[in-house]
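Quick caveat, the model's predicted, so the values are computed rather than measured.
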Amino acid sequence: MTDAALVRRLTMDHEGRWPKTSDDELAYKIGESVWWLATLAKRTGLNLEECVQHFLEDKENSLRK
């Protein structure tokens, strides 16, 4: 949860709505977050690509309504 909050803060910084930090920190934290999600998927026996695809299909369907 801390990483998700940090990604949000760095995004706000990138948008000029938070005190300035390092420009490369946001890209690094997004990469780290994806890595953690891939690791969690593997540990739980889930396929990360299938998880993302399922989410995107659900989101697309909900936006059509």
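Put simply, the side chain of V7 reaches to within 4.5 Å of the side chain of I30, judged on heavy atoms. Contact annotation: the side chain of R64 approaches that of E60 to within less than 4.5 Å [non-hydrogen atoms, C-beta and beyond]. Under the 4.5 Å side-chain criterion, counting only non-hydrogen atoms from C-beta, H14 is not in contact with L10.
Around atom CD of E49, no more than 12 heavy atoms belonging to other residues, nucleotides or ligands sit under 6.0 Å away. For R43, the CZ atom sits in a loose shell: 12 or fewer heavy atoms of surrounding residues, nucleotides or ligands are nearer than 6.0 Å.
Atom CD of E25 sits about 6.5 Å away from atom CG of L6, to the nearest 0.5 Å. Considering CG of D13 and CG of L26, their distance stands at 8.0 Å, rounded to 0.5 Å. Within the model, atoms CD of Q53 and CG of D58 stand 11.0 Å from one another, a figure rounded to the nearest 0.5 Å.
In the hydrophobic clustering of this structure, L48 groups with F55; members are Ile, Leu, Val, Met, Phe, Trp, Tyr whose side-chain heavy atoms approach within less than 4.5 Å, directly or through other members.
Between the N61 side chain and the E57 main chain, a donor and an acceptor come within less than 3.5 Å of each other.
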